[in-house]
Amino acid sequence: YPLSKTEIMHLYEQTHHLSRLVNDLHELALADAHELTLHLVKTDIPTLLNETSDVFSPVAEADNIKLTTDVRLPLPELMLDTGRIRQVIHNLLVNALRYTPENGEVTLRAFQESNTVIIEIEDSGIGISEEHLKHIFERLYRVDASRDRDSGGTGLGLAIGKAIIESHGGKITVHSKTSIPSGTCFTITLPTQA
């Protein structure tokens with residue numbers, strides 16, 4: 001059948017989505033095989049979080065959401081793959097902003113606790129019910145099954161994030177509440193020494 005501009009755009013979007021899916025699956029396969037390549041460099045957490053906040057500030061402002069960065073100094077520099085850690089934080093912030101209503105708040109927080117640095121992404125969004133919470137880091141699991149995969153990602157972002165954090169010797173957890181005041185908090189714990 002003849003291709004219209006609309007059909008070509010649709011095919012392009014589907015190809016882009018498949019490409020993202022293949023890349024995400026490749027990253028997970030590398031993580032499973034313990035072959036995820038990390039380019040470790042000394043990373044200043046306050047700088048990383050402030051730069052990330054600056055990227056998302058216009059999005060939050062457009063949606064009338066208050067985006068705050070709360071870094072409790074001093075924080076040690078960590079040996080991290082800055083790009084991969086940034087990828088995890090970006091994914092968590094995208095989700096936080098997506099599920100936080102107008103006039104809500106998203107906070108990006110960091111502090112040291114004994115031999116770890118804690119990074120939290122907390123929102124005042126709708127929360128995640130207990131039935132979904134236990135599956136949240138599973139591959140291809142989607143809390144809102146009705147959302148279109150084109151607008152909602154591949155369903156692999158949190159699984160990849162968990163793999164990246166664990167490859168740094170850390171862990172990622174989530175706590176959420178659906179009753180008012182609702183909200184979700186993802187906590188990344190990274191060791192100060194690898």
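Numbers here simply count residues along the sequence, with the first being 1.
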Among residues at least two apart in sequence or on other chains, which ones pass ring-ring contact (aromatic ring centres under 6.0 Å, His included) with His90? Phe56
Leu158 and Ile160: side chain to side chain contact (heavy atoms under 4.5 Å, CB included), yes or no, with the steps? CA-CA 5 Å; Leu158 291 175; Ile160 291 170; over 6 Å; no
Let me check something: do Ile172 and Phe111 share a hydrophobic cluster, defined by ILVMFWY side-chain heavy atoms less than 4.5 Å apart, either directly or through other members? no
Under a 4.5 Å side-chain heavy-atom rule over Ile, Leu, Val, Met, Phe, Trp and Tyr, are Ile85 and Val41 clustered together? no
Rounded to the nearest 0.5 Å, how far does CD of Glu131 lie from NZ of Lys134? 8.0 Å
Rounded to the nearest 0.5 Å, what separation is found between the CD1 atom of Ile45 and the CZ atom of Arg72? 14.5 Å
In terms of hydrophobic clustering (I, L, V, M, F, W, Y; side-chain heavy atoms under 4.5 Å; direct or indirect links), are Val94 and Leu156 co-clustered? yes
For the residue pair Gly157 and Asn91, what are the closest heavy atoms and their distance? C-ND2, 3.3 Å
Can any side-chain N or O of Asp81 pair as donor or acceptor with the backbone N or O of Gly83 at less than 3.5 Å? yes
Could you pull out every donor-acceptor pair under 3.5 Å between side chains of residues 179-191 and any protein atom, sequence neighbours left out?
| unit_1 | atom_1 | unit_2 | atom_2 | d |
| --- | --- | --- | --- | --- |
| Ser182 | OG | Gly125 | O | 2.5 |
| Thr184 | OG1 | Ser176 | OG | 2.7 |

Suppose we screen for side chain to side chain donor-acceptor pair (under 3.5 Å). Which residues come up paired with Ser53, at least two apart in sequence or across chains? Thr69
Could you pull out all residues at least two apart from Glu105 that satisfy side chain to side chain donor-acceptor pair (under 3.5 Å)? none
Checking Arg84 side chain against Gly161 main chain: does a donor-acceptor pair fall under 3.5 Å? no
Taking side chain to side chain contact (heavy atoms under 4.5 Å, CB included) as the criterion, tell me which of Asp70, Leu92, Ile89 meets it with Leu108. Ile89
Under 4.5 Å between any side-chain heavy atoms of Gln112 and Pro74, yes or no? no
Which residue pairs pass the salt bridge (Lys or Arg N to Asp or Glu O under 4.0 Å) test when at least one of the two sits in residues 36-62, sequence neighbours left out? Glu51-Arg86
Would a distance-only check, ignoring hydrogens and angles, find a side-chain to backbone donor-acceptor pair under 3.5 Å from Asn50 to Pro46? yes
Value rounded to 0.5 Å, distance of CD1 in Ile128 from NZ in Lys177: 14.5 Å
For residues Leu38 and His168, determine if any side-chain heavy atom of one lies less than 4.5 Å from a side-chain heavy atom of the other. yes
If we ignore angles and hydrogens, is there a donor and acceptor under 3.5 Å between the side chains of Thr43 and Thr82? yes
To the nearest 0.5 Å, how far apart are CG in Leu97 and CG in Asp63? 7.0 Å
Any side-chain heavy atom of Thr178 sitting closer than 4.5 Å to one from Ile126? no
What pair of heavy atoms forms the shortest contact from Ala110 to Leu49, and how long is it? CB-CD1, 3.4 Å
Check the surroundings of atom CD in Glu102: do more than 12 heavy atoms from other residues, nucleotides or ligands lie under 6.0 Å from it? yes
Nearest 0.5 Å please: distance from the NE2 atom of His135 over to the CD atom of Glu130. 10.0 Å
Residues 113-122, side-chain donor-acceptor partners within the protein, below 3.5 Å, at least two apart:
| unit_1 | atom_1 | unit_2 | atom_2 | d |
| --- | --- | --- | --- | --- |
| Thr116 | OG1 | Glu113 | O | 2.7 |
| Glu120 | OE1 | Arg109 | NH1 | 2.7 |
| Glu122 | OE1 | Arg109 | NH1 | 2.9 |
| Glu122 | OE1 | Arg109 | NH2 | 3.0 |

CG (Leu93) and OG1 (Thr100) are apart, to the nearest 0.5 Å, by 10.0 Å
For Ala159 against Glu138, the heavy-atom pair lying closest together: CB-C, 4.4 Å
